[in-house]
2 protein chains.
Amino acid sequence: MKPTLQTVADRVGVSRSTVSNAYSRPDQLSPELRERILDAARELGYSGPNPTARSLRSGRAGAIGVLFTTALSIAFTDPYAVQFLRGLAEVAEDNRTGLLLVPLRDDDEGALEAVRNAAVDGFVVYCVPGWYKAMEAAWARGIPVVNSDHFGSLFVGIDEIASTRAAGEHLMRLGHRRVAIVADYISPDRRTGEVSVPSVEDLGSYVSRERLTGYRDAFAAAGLEWSEVITISAAGNSREHGAAAAAYALDRAPRPTAVVATTDLLALGVLDALAARDLRPGRDVSVIGFDDIPDAAQAHMTTVRQPALDRGRIAGRLLLDPPDDPADRRVVLPTELVVRASTGPASTGSV
Amino acid sequence: MKPTLQTVADRVGVSRSTVSNAYSRPDQLSPELRERILDAARELGYSGPNPTARSLRSGRAGAIGVLFTTALSIAFTDPYAVQFLRGLAEVAEDNRTGLLLVPLRDDDEGALEAVRNAAVDGFVVYCVPGWYKAMEAAWARGIPVVNSDHFGSLFVGIDEIASTRAAGEHLMRLGHRRVAIVADYISPDRRTGEVSVPSVEDLGSYVSRERLTGYRDAFAAAGLEWSEVITISAAGNSREHGAAAAAYALDRAPRPTAVVATTDLLALGVLDALAARDLRPGRDVSVIGFDDIPDAAQAHMTTVRQPALDRGRIAGRLLLDPPDDPADRRVVLPTELVVRASTGPASTGSV
DNA sequence: TTGAAAGCGTTACCAC
DNA sequence: GTGGTAACGCTTTCAA
């Protein structure tokens with residue numbers, strides 16, 4: 001039988017309230033009595049108030065729920081996600097709050113259950129394409145939800161369209177006209193391969209949709225028709241999937257002079273694919289990523305930098321202390337096109 | 001006012017129990033009634049039983065607490081930790097259990113508070129040198145604690161000493177006699193620099209202590225005195241710290257013919273330091289790491305492979321379903337010395 | 001400074 | 001198939 005407040009109270013010969021005070025409001029009783037209580041507790045193996053009971057009573061769970069795109073076991077492999085989490089964790093720590101990684105399993109029902117059952121004070125939704133039900137379940141909880149990918153009441157994100165438009169303009173300025181785009185979650189069956197995206201607006205994944213839109217607009221402004229652009233679906237956001245997807249662009253004639261990707265991880269895969277074919281990035285084929293993860297710099301890759309750490313931090317602050325002014329509840333962070341060696345003028349002579 | 005079970009019960013005209021059953025034991029009532037209840041709930045904005053109250057009643061928190069070495073914001077940067085977490089997350093998902101990252105702040109009191117206040121069913125202690133108090137607090141909770149670095153009742157780990165002994169023997173076989181070791185957490189002040197470690201046994205960090213012991217034993221067996229070995233402290237487990245520490249070995253005469261490190265991250269830093277000095281790994285200076293993280297293979301680095309993913313998985317299983325037989329409560333996983341190009345014969349002629 | 005009493009929102013048991 | 005009743009372990013007035 002586990003000791004409870006009452007056990008300790010009985011032992012010392014005081015009431016529950018006094019023992020409770022000994023832990024939660026030390027100033028409410030004499031130091032000696034407190035010491036006696038704490039001693040008794042130690043002796044009885046009582047390690048302090050039961051967190052769950054305390055939560056129930058106080059109405060505070062002491063944790064932030066984190067909702068991920070995919071299996072939580074994947075989350076840690078994406079450097080961008082890791083940065084985001086670090087920022088979030090930092091703020092959580094400062095507020096004596098834990099981070100609860102919610103297990104969103106593959107089946108819909110399981111995911112809903114998990115969201116409804118999470119003992120948390122709010123949710124940070126990191127990136128949940130296709131999990132609208134889970135998101136709705138989070139909303140239904142009636143606790144704050146910070147969304148970084150869709151527009152909700154609490155939002156922290158970037159101007160996705162403007163960001164990729166800038167990248168697209170850079171490409172157009174360099175004279176590229178044969179372009180391929182690699183994106184994840186753009187084919188319904190989640191396979192890797194070329195896919196036709198007649199209307200970007202209909203894409204299910206927020207991130208891919210917005211980023212493709214930016215490119216499309218930049219291309220259009222330069223007179224490049226969207227229908228001429230090769231769109232390739234990657235089965236997931238990883239370097240390997242990026243390389244596999246790139247093959248569909250690189251192994252065709254005429255070969256595109258530029259291959260852009262919606263994330264750095266995918267773009268690094270594109271670089272891998274170039275290397276495997278002895279093609280020189282920025283000379284034979286230009287490559288652009290998105291995120292500016294550490295490996296991007298090492299690979300001398302042109303990309304769009306977004307402040308992942310800040311996004312996490314702000315998400316945490318928004319959640320822990322939601323501003324009253326609606327205007328303050330939506331934060332749009334700046335991005336920056338970082339030009340490195342992976343982009344260069346379109347080599348007109350190449351086949 | 002948030003709706004509760006009672007609110008819904010009143011609305012439908014049934015008792016609380018029936019509403020509770022509608023959610024938790026659907027087979028206990030007629031489908032029609034259940035539908036009516038669920039509809040009413042939706043209408044009222046009731047999103048299901050309060051997780052905290054449910055936890056209190058059922059005695060199950062639905063989460064595993066994860067205790068990290070350092071600020072949880074650091075945890076994600078160590079590839080080994082990430083692998084471990086992935087394994088753990090996998091098992092947690094399968095058991096509909098969340099992962100609560102507990103904010104161990106820098107001050108002792110804050111850490112204790114956090115551990116005592118975490119609403120979890122058990123703890124996985126990943127690597128907490130210097131946080132003995134936090135560990136004791138976890139133990140005191142009276143819930144299962146899986147330890148991977150110290151010997152507790154539930155344990156999953158490797159034979160640290162035998163692992164590095166094998167690495168040390170490899171080095172001795174290659175004829176190295178001027179050797180430096182880079183390790184983190186071996187100087188009391190956590191600074192980077194050469195440090196004297198007269199008795200390995202007294203080191204505070206479990207991992208560093210065990211791994212140095214293995215090396216020491218291997219060296220001793222080959223007739224190399226421990227006092228002749230250069231021990232260098234790294235201020236933390238990162239590539240940068242590894243490079244900084246390596247400088248203390250490489251910039252002296254005579255230069256060691258081998259520099260080993262207690263983790264791959266540190267060892268990769270050593271390789272960086274070699275590169276900066278135009279020294280060839282495996283030719284001019286041999287390097288050995290520990291863990292076999294993905295980058296190690298890419299760097300052609302000799303290292304000790306340990307099954308990080310499995311460690312995480314087993315930690316989860318041990319926690320969620322502690323075996324009765326004490327023998328099964330301690331799992332020692334195999335390791336393997338992976339010899340790559342970063343080690344070679346001691347170049348007798350080098351200075 | 002201390003204690004009694006009233007919940008917090010749920011679930012489990014046992015009658016009906 | 002359904003509904004009381006009694007916990008689960010704690011915190012918080014409020015009165016003494």
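- Considering only side-chain N and O atoms, A:S58 lies nowhere under 4.0 angstrom from the phosphate OP1 or OP2 of D:dT11.
- For C:dT10, one of the phosphate oxygens OP1 or OP2 lies less than 4.0 angstrom from a side-chain nitrogen or oxygen of B:Y46.
- Rounded to an integer number of Å, the gap from B:Q6 CD to C:dT10 P is 10 Å.
- At whole-Å resolution of the value, CG in B:L33 and P in D:dG3 are 7 Å apart.
- Here the P atom of nucleotide C:dT11 and the CG atom of B:N21 are 9 Å apart, to the nearest Å.
- Residues A:V145 and A:L154 form no side-chain contact, since every pair of their non-hydrogen atoms from C-beta on lies 4.5 Å or further apart.
- The base of D:dG1 lies outside donor-acceptor range of the side chain of B:T18, with no N or O pair under 3.5 Å.
- A close approach under 4.0 Å does not occur between any side-chain nitrogen or oxygen of B:S17 and OP1 or OP2 of D:dG3.
- Within 4.0 Å of A:L29, counting heavy atoms only, lie sugar-phosphate atoms of the nucleic acid but no base atom.
- Closest approach to the A:A53 side chain among C:dA5, C:dT10, D:dC10 is made by D:dC10 (side chain taken as heavy atoms from C-beta onward).
- Two residues are said to be in side-chain contact when any heavy atoms from C-beta on lie closer than 4.5 Å; A:D184 and A:S208 meet this criterion.
- A 4.5 Å side-chain heavy-atom check between B:V12 and B:V19 finds every atom pair outside the cut-off.
- Rounded to whole angstrom, the span from the CD atom of B:Q28 across to the P atom of C:dA15 amounts to 17 Å.
- No hydrogens or angles were tested; on distance alone, nothing pairs the side chain of B:S20 with the base of C:dA12 as donor and acceptor under 3.5 Å.
- Looking at B:T4 and B:K2, their side chains never come closer than 4.5 Å, going by heavy atoms from C-beta outward.
- Computed from coordinates, the A:R25 CZ to C:dT1 C1' distance equals 13 Å when rounded to whole Å.
- In this structure, the CZ atom of B:R60 is 18 Å from the C1' atom of C:dA12, given to the nearest Å.
- At a cut-off of 3.5 angstrom, the base of D:dA7 holds at least one donor-acceptor pair with the side chain of B:R57.
- Remark: the backbone N or O of A:A140 is not paired with any side-chain donor or acceptor of A:R116 at under 3.5 angstrom.
- Comparing D:dT2, D:dC10, D:dG3 by their nearest atom to the side chain of B:S30 picks out D:dT2.
- When the C1' atom of C:dC8 is taken as reference, atom CZ of B:R54 falls 16 Å away, rounded to whole Å.
- When each of C:dT11, C:dT2, D:dT11 is scored by its nearest atom to the side-chain atoms of B:P49, the top-ranked nucleotide is C:dT11.
- Atom CZ in B:R16 sits roughly 9 Å away from atom C1' in D:dG4 (whole-Å rounding).
- Among the protein residues, A:S24 comes within range of the sugar-phosphate backbone only, with heavy atoms under 4.0 Å from sugar or phosphate atoms but none that close to a base.
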